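Here the structure is laid out as structure tokens; the discussion comes afterwards.
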Amino acid sequence: MYTMSDYTANIHNFNLNVSFIPSSRVILTAFANYNLSKGELEQVEMPSVEERLDGHLSHQDFTFLEMHTYSDLDYKWLRLNLGIEYLLSPRVTLTADAEYSDLTDDSGGWVYGDETGSLLIVRGGVRIEF
């Protein structure tokens, strides 16, 4: 037995990227990203199995009353980044940036549990071109 059920997803993504060069040796960058995502499965209505099988099936439960809630998604994701590049020479550049991410899971944790949390990453490096 099978049935069809629709899944609806609404996703809105907003981006902002900025790059500023205050001197010939310095590049400043920033970006912001905000994502709103919501998805849900419509109520699953399974046909009656007892009509197709002989016998009494009172010991079986063929209902799927909560199945449509298992794939519910409802979250907000914010990402912010600030970076700087400093040119030491024509082939050597120092880099540094910081990125902050914040995820708010309003779905109730059906799929992977509550995934709400924040993360801060700070990176630094040297880029050598040859």
Side-chain angles (χ1 to χ4, degrees):
M1 302 295 295
Y2 71 93
T3 189
M4 300 297 288
S5 186
D6 289 332
Y7 186 83
T8 303
N10 292 310
I11 301 165
H12 304 282
N13 201 28
F14 306 95
N15 288 301
L16 175 65
N17 293 298
V18 177
S19 187
F20 178 62
I21 304 172
S23 74
S24 62
R25 292 186 172 267
V26 178
I27 299 174
L28 302 172
T29 58
F31 80 79
N33 174 263
Y34 189 64
N35 181 286
L36 298 168
S37 297
K38 186 170 189 155
E40 59 189 2
L41 186 66
E42 81 177 3
Q43 177 75 41
V44 177
E45 299 289 337
M46 291 295 290
S48 174
V49 176
E50 292 180 1
E51 293 173 5
R52 298 196 64 190
L53 299 175
D54 294 330
H56 183 61
L57 299 172
S58 62
H59 64 286
Q60 298 290 328
D61 179 11
F62 290 102
T63 62
F64 294 88
L65 297 177
E66 298 295 322
M67 183 179 170
H68 68 285
T69 62
Y70 298 163
S71 293
D72 286 353
L73 298 174
D74 185 5
Y75 64 86
K76 300 167 198 76
W77 187 8
L78 173 67
R79 291 178 59 210
L80 303 170
N81 181 285
L82 294 173
I84 186 169
E85 294 184 8
Y86 183 77
L87 186 66
L88 290 176
S89 72
R91 295 182 183 254
V92 179
T93 305
L94 293 178
T95 65
D97 73 294
E99 183 170 332
Y100 173 76
S101 293
D102 182 67
L103 178 70
T104 303
D105 184 356
D106 293 324
S107 66
W110 281 107
V111 180
Y112 298 109
D114 186 1
E115 297 182 76
T116 297
S118 298
L119 175 67
L120 175 64
I121 300 171
V122 178
R123 294 178 285 252
V126 177
R127 184 173 59 233
I128 301 171
E129 298 177 27
F130 51 92

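Nothing here was measured: the structure is a model prediction, and the numbers come from that model. We count residues from 1, following the sequence as given.
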To the nearest 0.5 angstrom, please state how far the [atom1] atom of [X] sits from the [atom2] atom of [Y].
X: L36; Y: T104; atom1: CG; atom2: OG1; result: 10.0 Å
X: N33; Y: E99; atom1: CG; atom2: CD; result: 9.5 Å
X: K38; Y: K76; atom1: NZ; atom2: NZ; result: 9.0 Å
X: S23; Y: L28; atom1: OG; atom2: CG; result: 8.5 Å
X: Y86; Y: T93; atom1: OH; atom2: OG1; result: 10.5 Å
X: E85; Y: D97; atom1: CD; atom2: CG; result: 9.0 Å

Does one hydrophobic cluster hold both [X] and [Y], with members joined at side-chain heavy-atom distances below 4.5 Å?
X: I84; Y: V92; value: yes
X: I21; Y: L87; value: no
X: F14; Y: L78; value: yes
X: L73; Y: L103; value: no
X: F20; Y: L94; value: yes

Quiz item: Do the side-chain N and O atoms of T116 and D105 include a donor-acceptor pair separated by under 3.5 angstrom?
Solution: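 Judged by distance alone, the side chains do not pair up.
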Quiz prompt | With S19 via side-chain hydrogen bond (donor to acceptor under 3.5 Å, both in side chains) - residues at least two apart | solution =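 Checked S19 against side-chain hydrogen bond (donor to acceptor under 3.5 Å, both in side chains); zero matches.
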Quiz prompt | Atom of N13, atom of N35 and distance for their closest heavy-atom approach | solution = OD1-ND2, 3.4 Å
Quiz item: Between Y100, F31, Y34, which is the residue that forms a side chain to side chain contact (heavy atoms under 4.5 Å, CB included) with R79?
Solution: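 When Y100, F31, Y34 are each tested with R79, the side chain to side chain contact (heavy atoms under 4.5 Å, CB included) holds only for F31.
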Quiz item: So, does R91 use its side chain to make a donor-acceptor pair with the main chain of I128 at under 3.5 Å?
Solution: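 No; zero donor-acceptor contacts below 3.5 Å.
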Quiz item: Hey, does the side chain of S101 reach the backbone of L119 with a donor-acceptor pair shorter than 3.5 angstrom?
Solution: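 No, the answer is negative, given that no donor and acceptor are paired below the 3.5 Å cut-off.
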Quiz item: Does the side chain of E42 reach to within under 4.5 Å of the side chain of T8, using non-hydrogen atoms?
Solution: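 No; the side chains remain at least 4.5 Å from each other.
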